[in-house]
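Notes follow the structure.
Quick note: numbers below take in every heavy atom, side chains included, and nothing from hydrogens, waters or symmetry partners. Predicted, not measured: the structure shown is a model, and the values here were computed from it.
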Amino acid sequence: MIQTTSGSRRSVLFGLGGLALSGCATTPIVETVRPRFVIPPLVPIDARVERITRITVCLRPFRAVGPRIEAEAFGDKRLVHNYGHGGSGWSLSWGSAEMARDLALSGGVGPVAVIGCGAIGLTTATLLRRAGAEVTIYAAERLPQTRSARATGVWSPDSRIADADRAPLGFAKRWEDMARASWAMHQTYVGQPADPVAFMDQYLLSDSGPRPQTAQRQQGAVTVRFAQYMSRLNDLTPRSVEIPADALPFNKPRVRKSANMQFNISELGRRLMADFLLEGGRIETRTFHSPSELSALGQPVIVNCTGYGARALFGDESIVPVRGQMTWLPAQPEVRYGLYYRGIGVTTRPDGIGLQVLDGDMMGYGSIDETASQDEAREAVRRTAALFEEK
């Protein structure tokens with residue numbers, strides 16, 4: 001027993017679940033230790049239109065039935081598909097890469113061609129190389145120029161991953177397997193130099209009144225109920241807790257705090273490319289306009305990791321683009337937290353502070369417009385600045 005010397009003289013048993021200590025005949029007093037939140041001073045985000053440095057737009061490849069991870073005969077070759085991850089490409093990259101690797105090497109270890117150099121292509125190629133295959137990536141662009149580089153960069157493994165009403169039987173379990181495998185691999189990058197993967201404090205702000213109605217998940221005649229599977233990972237991800245809002249710079253009365261895994265995409269991408277090349281992989285610049293051009297490749301196994309590009313290359317009309325825009329402000333090294341409040345999301349990364357308007361689940365659904373919207377950018381800045389106005 002640990003004797004307390006301040007206040008009343010009490011015996012306190014910590015962390016033994018009520019088990020008696022050897023040689024102790026008395027019943028110990030078990031106290032519930034409540035966590036005391038130490039809230040560090042938070043620096044407000046300097047959100048002004050004149051500070052916008054860039055605007056990035058990404059088309060996320062949504063498939064109602066979920067990602068396509070399957071193999072088929074392709075002439076005298078084996079073609080493995082690994083694409084269509086919606087807004088969950090980075091988050092599920094390693095888990096889906098494991099599945100694609102196993103399909104690619106089911107007939108034995110030999111030379112493999114990987115098409116695409118985004119998050120899915122690089123992780124798939126890396127696992128194939130580590131399994132002993134001779135791997136060449138063929139791509140028109142390196143990762144910094146791909147759509148993967150324009151992603152938000154937060155752990156979001158069920159973001160537009162499938163339609164809950166159209167996903168096949170057993171998909172939720174398959175998704176969970178991918179998510180858990182990816183989570184485990186991403187952990188190996190936490191704490192590495194330049195923080196390729198790190199955990200960031202997240203603040204969810206809300207008002208005292210009733211919550212707003214959930215936005216209609218509908219675009220014209222199309223109705224989508226995006227699948228939500230995160231409850232299957234409750235044993236992995238940090239839980240949010242409500243904290244006092246008085247000491248925080250936000251002007252909203254209710255605040256919940258959590259921590260979320262976040263990808264420093266520029267550094268993580270650099271690491272992935274460097275590791276793949278150091279381990280003996282090759283990258284060759286090449287553009288493919290039709291599947292028939294793949295037949296000219298010398299490798300007997302081809303893995304298609306073209307993401308949204310598979311819609312044009314393979315004529316896959318099941319891929320629906322979901323447009324997402326990020327408005328970027330210069331990085332503030334003293335700002336190390338993210339925010340969300342009623343349709344505005346804020347992500348802080350070493351390369352900048354990203355603001356995103358998130359009005360409704362169907363925002364951007366079906367849009368192929370990759371041009372930057374100045375009006376949307378100004379609205380993102382305005383809403384962010386409003387969160388720091390005087391209470």
Side-chain angles (χ1 to χ4, degrees), residues 56-69 81-96 99 116 118-120 123 146-168 171-179 182-183 202 214-233 237 260-263 265 305-311 316-326 338 340 343-345 347 354-370 376 380:
T56 57
V57 179
C58 178
L59 299 184
R60 294 159 287 198
F62 169 73
R63 297 180 79 238
V65 295
R68 187 182 183 189
I69 308 174
H81 297 285
N82 185 14
Y83 66 85
H85 297 72
S88 304
W90 281 102
S91 300
L92 295 179
S93 56
W94 290 107
S96 64
M99 294 180 178
I120 300 297
T123 51
T146 65
R147 289 186 175 93
S148 290
R150 293 174 244 157
T152 306
V154 296
W155 167 257
S156 56
D158 66 350
S159 172
R160 296 166 179 81
I161 191 61
D163 183 338
D165 299 321
R166 297 177 176 87
F171 175 72
K173 176 61 170 63
R174 196 179 194 204
W175 172 88
E176 182 181 346
D177 291 342
M178 282 191 286
S182 293
W183 177 273
Q202 303 287 327
T214 302
Q216 288 288 330
R217 297 176 171 90
Q218 188 166 344
Q219 180 79 14
V222 179
T223 300
V224 176
R225 188 165 66 92
F226 289 112
Q228 298 180 348
Y229 300 128
M230 285 301 291
S231 61
R232 301 176 72 101
L233 304 179
T237 55
N260 194 27
M261 190 159 62
Q262 190 163 300
F263 311 117
I265 290 178
C305 301
T306 51
Y308 180 69
R311 180 182 171 93
D316 188 350
E317 297 295 324
S318 72
I319 298 177
V320 178
V322 182
R323 181 186 185 277
Q325 174 171 304
M326 295 288 291
Y340 179 80
I344 183 69
T347 303
L355 318 178
Q356 189 172 24
V357 177
L358 302 163
D359 285 338
D361 290 336
M362 295 295 287
M363 184 174 181
Y365 184 88
S367 173
I368 61 172
D369 184 6
E370 291 189 89
E376 184 178 332

For S88, side-chain contact (heavy atoms from CB on, under 4.5 Å) partners two or more places apart: L92, S159, I161

Check: S182 side chain, G95 main-chain N or O, donor-acceptor pair, under 3.5 Å: yes

Partners meeting side-chain contact (heavy atoms from CB on, under 4.5 Å) with Q202 (sequence neighbours left out): M200, N260, Q262

Under the side chain to side chain donor-acceptor pair (under 3.5 Å) test, residues paired with R60 that sit two or more places apart: none

Criterion side chain to side chain contact (heavy atoms under 4.5 Å, CB included) on E317 and R311, from CA distance to verdict: CA-CA 6 Å; E317 297 295 324; R311 180 182 171 93; 3.1 Å; yes

Whether W155 and W183 hold their rings parallel, tilted or perpendicular, with breakpoints at 30° and 60°: perpendicular

A167 to A162 - nearest heavy-atom pair and separation: CB-CB, 4.1 Å

Residues forming a salt bridge (Lys or Arg N to Asp or Glu O under 4.0 Å) with D177, sequence neighbours excluded: K173

Residue pair P67 / I120, side-chain heavy-atom distance below 4.5 Å: no

Pairwise side-chain contact, D316 with H81, heavy-atom cut-off 4.5 Å (strictly under): no

Side chain to side chain contact (heavy atoms under 4.5 Å, CB included) assessment of D158 paired with W175: CA-CA 8 Å; D158 66 350; W175 172 88; 3.8 Å; yes

Side chain to side chain donor-acceptor pair (under 3.5 Å) involving S367 - partner list, sequence neighbours excluded: none

Point-to-point distance, once rounded to the nearest 0.5 Å, from OG1 of T146 to OH of Y308: 15.5 Å

Set of side chain to side chain donor-acceptor pair (under 3.5 Å) partners for T56, sequence neighbours left out: W328

Nearest-0.5 Å distance that lies between atom CG in N82 and atom CZ in R68: 11.0 Å

Separation between OH of Y365 and CZ of F62, rounded to the nearest 0.5 Å: 5.5 Å

Euclidean distance, L355 CG relative to I344 CD1, rounded to 0.5 Å: 6.0 Å

Minimum heavy-atom distance S96-H85, with the two atoms named: OG-NE2, 3.3 Å

Partner set under side-chain contact (heavy atoms from CB on, under 4.5 Å) for A151, not counting sequence neighbours: W90, I265

Contacts of T237 that satisfy side chain to side chain donor-acceptor pair (under 3.5 Å) - sequence neighbours left out: R239

Verdict with reasoning, M326 to T152, per side chain to side chain contact (heavy atoms under 4.5 Å, CB included): CA-CA 7 Å; M326 295 288 291; T152 306; 3.8 Å; yes

Minimum-distance pair of heavy atoms, taken over all atoms of R147 and L59: CD-O, 3.8 Å

Validation row: R323, V57 side chains within 4.5 angstrom (heavy atoms): yes

A179 versus L233, closest heavy-atom pair with distance: CB-CD1, 3.8 Å

Residue list, ring-ring contact (aromatic ring centres under 6.0 Å, His included) with F263, at least two apart or on another chain: H186

All salt bridge (Lys or Arg N to Asp or Glu O under 4.0 Å) counterparts of R150, not counting sequence neighbours: E370

Contact summary for G307 and P61, nearest pair of heavy atoms: C-CB, 4.1 Å

Contact summary for Y340 and G343, nearest pair of heavy atoms: OH-N, 3.1 Å

